[in-house]
Amino acid sequence: MWFRLAALAALFLATSQASASASASASKKQPNILFILTDDQDWHMESLQHMPLLQKHLLHEGTLYANHYCTVALCCPSRVNLWTGKAAHNTNVTDVWAPYGGYPKVVREGINDDYLPHWLQAAGYNTYYSGKLWNHHSVENYNQPYAGGFNGSDFVLDPYTYQYRNATMSRNGGRPVSYAGQYSPDVTAAKAHGFLREAMAHDDPWFLVHAPIAPHSSVRLVPDVVMDKPEYADRHAHLFHDYIIPRDDNFNPETQGGVSWVKDLPRLNDTVIRYNDEFQRSRLRALQSVDESVEHMVRILDEAGELENTYIFYTTDNGYHISQHRMHPGKECGFETDVHIPLIVRGPGVSAGHVSKAVTAHTDIASTIMTLAGHALPEDASDGYPLPLTVEEMQASKQEHVTIEYWGLAIPEGIYGAYGDAGMIDPGYGSQPSIAVGNNTYKAVRVIGEGYSLYYAVWCTNETELYNLKTDPGELRNLLAPEHYVNDLHVAGRPVDVDQLARRLDALTMVLKSCRGRSCVEPWSALHPSGDVQGLLDSLDERFDDFYQNQPRVSFTDCKLGYLPEYEGPMDVRPFDGMDHAASGADWGGREQVTLGRNRGHWSIWT
Ligand SMILES: *[C@@H]1O[C@H](CO)[C@@H](O)[C@H](O)[C@H]1NC(C)=O
Ligand SMILES: *[C@@H]1O[C@H](CO)[C@@H](O)[C@H](O)[C@H]1NC(C)=O
Ligand SMILES: *[C@@H]1O[C@H](CO)[C@@H](O)[C@H](O)[C@H]1NC(C)=O
Ligand SMILES: *[C@@H]1O[C@H](CO)[C@@H](O)[C@H](O)[C@H]1NC(C)=O
Ligand SMILES: *[C@@H]1O[C@H](CO)[C@@H](O)[C@H](O)[C@H]1NC(C)=O
Ligand SMILES: *[C@@H]1O[C@H](CO)[C@@H](O)[C@H](O)[C@H]1NC(C)=O
């Protein structure tokens with residue numbers, strides 16, 4: 001058995017030593033941070049393989065985090081998670097629009113005055129941002145108040161954010177300016193390059209974000225809201241004509257998996273598939289502008305002699321699906337396509353050309369950056385923990401879980417998605433496009449370790465999903481659906497009963513859906529305060545079967561579009577008290593009728 005606390009302590013120590021010695025040798029000042037954040041970039045449709053300059057400068061010179069996840073597969077909530085280090089249920093920014101998300105909600109929750117760029121300024125950094133910051137950050141509200149935390153900024157603003165040839169931007173709070181006719185990712189890149197030179201003109205360390213809109217779909221607002229293929233620069237029009245989306249087993253499958261609205265989707269026809277392949281080709285072309293910018297920025301840094309004292313992060317806000325699970329282009333799901341995303345880090349002490357298997361999430365990024373800045377966040381200020389950066393730290397990392405959560409709607413993109421006939425509803429609310437699918441609120445957990453790879457979800461309809469990605473990477477066989485039930489499931493080589501496994505994962509999800517600080521990083525300690533269970537494998541010991549059988553279950557009483565805990569069922573687990581409850585049973589929440597044993601008096605204190 002390993003000990004999480006000891007491992008974490010070693011990791012913190014190693015991280016601070018590594019960065020301290022690395023920065024001491026390169027320069028006396030704190031390291032610079034260059035952060036490139038794309039919009040809706042996929043891992044599973046080979047986008048990284050089609051970015052040769054990114055491969056040359058970041059993949060070959062840095063580490064690829066092969067098990068990196070966003071925790072909420074939608075732009076604005078994910079960006080808030082990223083820039084605060086807090087789980088979405090703790091930011092309560094859960095959507096792109098009012099009332100549950102967007103820039104006004106960011107302001108209302110106090111985040112505009114209290115997030116990473118402010119913390120970095122307090123740590124002595126100059127901070128810069130070019131591109132898309134939040135959704136619903138618009139030509140109308142950009143100055144009410146101004147987005148906080150940056151020494152230099154140039155933000156693309158709604159409602160023009162996803163117009164690839166009419167970026168409308170506010171520079172340092174100035175009146176919005178239209179860049180009609182120019183290609184938006186090129187415009188934001190040029191501004192980022194300018195900020196880079198500006199940043200290097202000062203002695204202070206700096207933090208610079210380039211957040212281009214590529215490869216997000218382009219959005220036309222009139223006469224109807226249509227989310228179409230992204231546009232690309234003319235110089236990239238000749239590329240990728242032979243590309244097609246990988247025909248993995250979950251590509252427009254004959255037998256559909258999933259629950260809720262997903263399970264009823266009809267198969268896509270050839271017209272849609274042809275459109276979808278071109279959709280992804282357009283995304284790959286749109287990313288070429290970003291690819292060129294990566295090389296450009298590396299060159300500027302190199303020429304200024306700053307490359308060796310700069311960490312470069314490359315990631316995206318959430319993943320993307322196109323045709324997988326018969327879905328039109330889009331995100332918002334808990335499938336790997338949507339939550340498993342690229343993260344590459346290059347910088348002092350980070351292994352070159354390495355692929356890390358450590359399990360990491362966007363929640364971890366803010367505390368990673370603050371640790372690199374020499375101002376580690378206090379334990380309870382973040383729901384994540386610093387990324388392992390050296391090979392030794394990666395090998396020592398025992399993190400196995402990622403919290404996944406979502407509230408609200410799924411929006412099928414593409415011209416067929418918007419007008420398809422599958423499960424469309426008019427949510428009839430506010431500014432939301434009326435092309436969305438309801439019942440898309442769920443809580444989930446992704447668990448990955450040596451010999452196991454699982455995804456468990458509970459939806460607001462109370463439907464549950466469990467996928468064994470070791471044998472079913474496409475997530476097509478929900479082991480909790482009667483037709484897929486198996487009795488030879490193995491977890492790390494050990495035979496495991498599907499229901500017993502689901503109970504563990506449900507209890508873990510219960511902890512994670514309302515966790516805060518430490519309990520998000522070490523959720524098993526909420527269930528086993530004595531510390532003898534620190535991971536899924538420990539919990540599978542059969543002496544805990546009754547204990548897990550008798551936990552309250554994650555459930556919902558209704559599908560709501562935001563975080564309204566009163567509809568989200570029980571919130572707390574019952575901790576294990578160290579006694580052997582094997583002979584006992586209980587009647588929790590009216591679900592189980594089992595004989596009460598000798599521990600009745602004890603159990604009753606929880607009822
Ligand atoms: C950047 O902004 C911070 C916070 O307002 C300020 O302390 C710092 O002096 C600024 N840096 C420059 C170069 O103006
Ligand atoms: C381009 O953006 C400007 C605002 O910056 C707007 O007035 C104009 O109508 C937009 N053009 C198009 C074609 O949407
Ligand atoms: C294919 O599906 C789309 C979307 O449902 C529909 O609009 C189109 O008419 C279909 N095409 C054919 C040839 O059936
Ligand atoms: C949501 O799920 C409920 C229960 O399964 C169903 O009755 C309802 O029609 C669904 N709503 C939508 C918008 O799909
Ligand atoms: C889900 O299950 C809980 C607990 O059994 C129940 O109270 C609730 O009504 C169910 N919700 C739905 C949407 O059926
Ligand atoms: C989250 O925000 C919504 C909208 O403002 C609000 O109704 C809800 O009560 C909030 N949830 C929590 C847990 O604070």
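Ligands are counted one by one from 1 in listed order, and the atoms in each one are counted from 1 as well.
Here is the list of ligand 2 atoms found below 4.0 Å of a heavy atom in N166: 1 (C), 2 (O), 3 (C), 8 (C), 10 (C), 11 (N), 12 (C), 14 (O). Close approach of ligand 2 to T168 (heavy-atom distance below 4.0 Å) involves ligand atoms 2 (O), 4 (C), 5 (O). Short contacts between ligand 5 and F556, defined as distances under 4.0 Å to a heavy atom of the residue, involve ligand atoms 1 (C), 8 (C), 10 (C), 11 (N), 12 (C), 13 (C).
The closest approach between any non-hydrogen atom of C460 and ligand 5 is below 4.0 Å.
Here's the thing with D558: none of its N/O atoms is less than 3.5 angstrom from an N/O atom of ligand 5.
Near ligand 1, residues Q121, N126, N151, H202 come within 4.0 angstrom through at least one heavy atom.
Judged as a salt bridge (Lys or Arg N to Asp or Glu O under 4.0 Å), and not counting sequence neighbours, the contacts of D545 are R504. Legend: residues meeting side-chain hydrogen bond (donor to acceptor under 3.5 Å, both in side chains) with Y467, ordered by chain and number and at least two apart, are E465.
Of the charged side-chain nitrogens involved, at least one lies within less than 4.0 Å of a carboxylate oxygen, so that K132 and D39 count as a salt-bridged pair. Checked for salt-bridge contact, K513 and E405 miss the test: no charged N lies under 4.0 Å from a carboxylate O. Ion pair R477/E483 not flagged as a salt bridge, since none of the NZ, NE, NH1 or NH2 atoms sits closer than 4.0 Å to an Asp/Glu carboxylate oxygen.
Under the ring pair (Phe, Tyr, Trp, His ring centres under 6.0 Å) test applied with W134, the options Y129, Y115, W97 reduce to a single match, Y115.
Within the model, atoms CG of N151 and NE2 of H202 stand 7.5 Å from one another, a figure rounded to the nearest 0.5 Å.
Pairs engaging residues 184-193 under the salt bridge (Lys or Arg N to Asp or Glu O under 4.0 Å) rule: D154-K191, D186-R235 [sequence neighbours left out].
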